[in-house]
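Everything below concerns the one structure shown next.
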Amino acid sequence: MKGTLSLAALGGAMVLMASPAQAEQWRGWNIHPPGYPNSIALEDFAKEVAKKTDGRIEPKVYNNAVLGDQPDAIEQTRNGALDFANFNMGPMGPIVPATNVLSLPFIFKSPDDMYRIMDGEIGDRFADALAEKNLIALSWFGSGARSLYNTDHPVKTPDDVKGLKVRVMNNDLYVQMIDELGGNATPMPYGDVYQALKTGVIDGAENNYPSYESSGHYEVAKYYSLTEHLILPECLCIAKSSWEDLSAEDQKVVREAAENAAKEQRQLWQKRVEKSKQKVLDSGVKINKVNDKSAFQARMQPIYDEFTQQNPDLESLVTDIQAAQK
């Protein structure tokens, strides 16, 4: 009996020794639903990493913010509870102050300018600031250009915003932006906006075409004005602890997969923008181009003055981004 048990134990040990190492399971956070451009790109990032590491790493994307809202997810990624995520830079400011530069109104002239700048040396400076907070930016996604929409009339000049109650994201820079245009900024959760527009609690909001369409806001706010005042980049970020656990070879694989995901997301995003634009047009939405953005930009100067006065260490980032678009 003892001999039989010893043989069994030896056989079990040999099986364990012959088994491949257990795969590293990675958890990834995403605020968007399945099928959204970002979601598709993240899923393909996960598949490429799994394939090219021969299954040593198995990333899984959790959509619809089921692992928490963005502030929670940022903290979870910083401390390694989450391995990777797609974060918008708008809410990143409280953690990484340098990213507030990206929330300055009209800091970018177009999405193409934003991509070009973030893919270069200036983008590396933002990546360095994120790394100091334990977030490694692997690549940059886009989230389009945000414009104003409301229930009452087109916005063609800054004076057309006067008196309008406009929902903004919870960021002092966005509140100041609407205030400088003569409107009444109203921060509120995104999920409350539709009902607030419908009941007249607010007159308008601001967002990109896909969000304006997918949220149903176009059903109750029929005037969409192409102010394009915010063009916010997003990062595909990995927890610093997860990154440092990788070999140099696997780091190369993961970064290449992230860069491929960014290329895919940008292409899918543009297609989604065109699809959403056509859908809202077909519904009867009135879209107007803002012919003179300089009038809006001039109203933003007090925001820039106050920002650089309070953040002198970030002034060079502001001026370098502006110089890169002249």
Side-chain angles (χ1 to χ4, degrees), residues 30-44 61 63-66 70 86 88 90 108-115 141-156 160-161 164-169 174 178 183 186 188-234 261-291 293 296:
N30 177 34
I31 198 171
H32 303 290
Y36 202 77
N38 303 46
S39 307
I40 295 170
L42 285 171
E43 294 285 0
D44 288 343
V61 180
N63 299 309
N64 285 318
V66 296
Q70 176 154 316
N86 167 209
N88 187 287
F108 294 113
K109 292 183 177 180
S110 71
D112 286 343
D113 282 320
M114 183 274 285
Y115 290 140
F141 286 10
S143 61
R146 298 174 75 99
S147 291
L148 288 166
Y149 52 91
N150 72 88
T151 60
D152 192 62
H153 58 258
V155 172
K156 298 179 180 179
D160 292 327
V161 182
L164 291 179
K165 292 173 287 186
V166 181
R167 180 268 176 179
V168 294
M169 295 182 286
Y174 308 150
I178 298 300
T186 308
M188 71 168 55
Y190 184 59
D192 296 344
V193 176
Y194 182 93
Q195 191 64 21
L197 286 167
K198 188 174 182 179
T199 59
V201 171
I202 58 174
D203 302 304
E206 51 83 50
N207 220 314
N208 53 55
Y209 270 125
S211 295
Y212 175 58
E213 174 261 312
S214 62
S215 63
H217 294 177
Y218 72 96
E219 297 170 359
V220 287
K222 291 288 189 179
Y223 296 92
Y224 191 89
S225 303
L226 294 172
T227 51
E228 298 181 325
H229 50 271
L230 287 174
I231 299 173
L232 289 166
E234 303 191 356
K263 292 175 186 175
E264 180 182 27
Q265 189 270 345
R266 297 175 190 185
Q267 293 172 351
L268 291 172
W269 180 266
Q270 190 53 43
K271 291 178 181 177
R272 178 62 185 266
V273 165
E274 295 304 321
K275 182 179 178 181
S276 296
K277 179 181 178 181
Q278 192 58 53
K279 183 175 179 179
V280 301
L281 276 171
D282 291 344
S283 77
V285 163
K286 294 176 175 61
I287 298 174
N288 69 284
K289 187 176 181 180
V290 176
N291 294 319
K293 290 182 184 174
F296 288 84

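Interatomic distance, N150 CG to S225 OG, rounded to the nearest 0.5 Å: 6.5 Å. The distance from the CG atom of N64 to the OG atom of S39 is 7.5 Å, given to the nearest 0.5 Å. Here L42 contributes atom CG and Q265 contributes atom CD; the two are 8.5 Å apart, rounded to the nearest 0.5 Å. The CG atom of D44 sits 4.0 Å away from atom CD of E264, with the distance rounded to the nearest 0.5 Å. Atoms OG and NZ, from S147 and K289 in turn, are 12.0 Å apart once rounded to the nearest 0.5 Å. Residue D113 holds its CG atom at 8.5 Å from CZ of F108, rounded to the nearest 0.5 Å.
Residues T227 and E206 fail the side-chain proximity criterion, which asks for heavy atoms closer than 4.5 Å. Counting only heavy atoms from C-beta outward, the side chains of V193 and M188 approach each other to under 4.5 Å. Contact annotation: the side chain of F296 approaches that of V290 to within less than 4.5 Å [non-hydrogen atoms, C-beta and beyond]. Taking the side chain as every heavy atom from C-beta outward, N86 and V61 never approach each other to under 4.5 Å. Proximity of F141 to P37: side-chain heavy atoms (C-beta onward) are nowhere separated by under 4.5 Å. Put simply, the side chain of M169 reaches to within 4.5 Å of the side chain of L232, judged on heavy atoms. Looking at R272 and S214, their side chains come closer than 4.5 Å, going by heavy atoms from C-beta outward.
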Steps toward side-chain contact (heavy atoms from CB on, under 4.5 Å) verdict (E43, N63):
CA-CA 10 Å; E43 294 285 0; N63 299 309; 3.7 Å; yes
Show the numbers, then the answer: is there a side-chain contact (heavy atoms from CB on, under 4.5 Å) between L268 and Y36?
CA-CA 9 Å; L268 291 172; Y36 202 77; over 6 Å; no
Determine whether Y115 and R266 satisfy the following criterion, side-chain contact (heavy atoms from CB on, under 4.5 Å), listing intermediate values before the conclusion.
CA-CA 9 Å; Y115 290 140; R266 297 175 190 185; 3.4 Å; yes
Test side-chain contact (heavy atoms from CB on, under 4.5 Å) applied to V220 and Y194, step by step
CA-CA 8 Å; V220 287; Y194 182 93; 4.0 Å; yes
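A pairwise comparison of heavy atoms in Y218 and K222 identifies O-CD, 3.3 Å as the closest pair. For the pair G90 and Y174, the tightest heavy-atom approach, listed with the atom from each and the gap, is CA-OH, 3.5 Å. Between T186 and K165, the shortest heavy-atom contact is OG1-CB, 4.3 Å. In terms of heavy-atom proximity, A205 sits nearest to V166 at CA-CG1, 3.8 Å. Heavy atoms only, all atoms of each residue included: G142 and M114 are closest at CA-CE, 4.0 Å. Nearest approach of H217 to Y190, heavy atoms of both residues: CE1-CE1, 3.9 Å.
The aromatic rings of Y212 and Y149 are tilted relative to each other, their planes meeting at an angle between 30° and 60°.
Side chains of N88 and Q70: no donor on one and acceptor on the other come within 3.5 Å. Side-chain contact annotation: E274 with Q278, donor-acceptor N/O pair under 3.5 Å absent. Side-chain N/O atoms of D203 and T151 include no donor and acceptor closer than 3.5 Å.
In summary, E213 and K275 do not engage in a salt bridge, as defined by a charged side-chain N under 4.0 Å from a carboxylate O.
In the displayed structure, K198 atom NZ is contacted under 6.0 Å by at most 12 heavy atoms of other residues, nucleotides or ligands.
Side chain of R146 to backbone of L230: no donor-acceptor contact under 3.5 angstrom is found. Between the H153 side chain and the D160 main chain, a donor and an acceptor come within less than 3.5 Å of each other.
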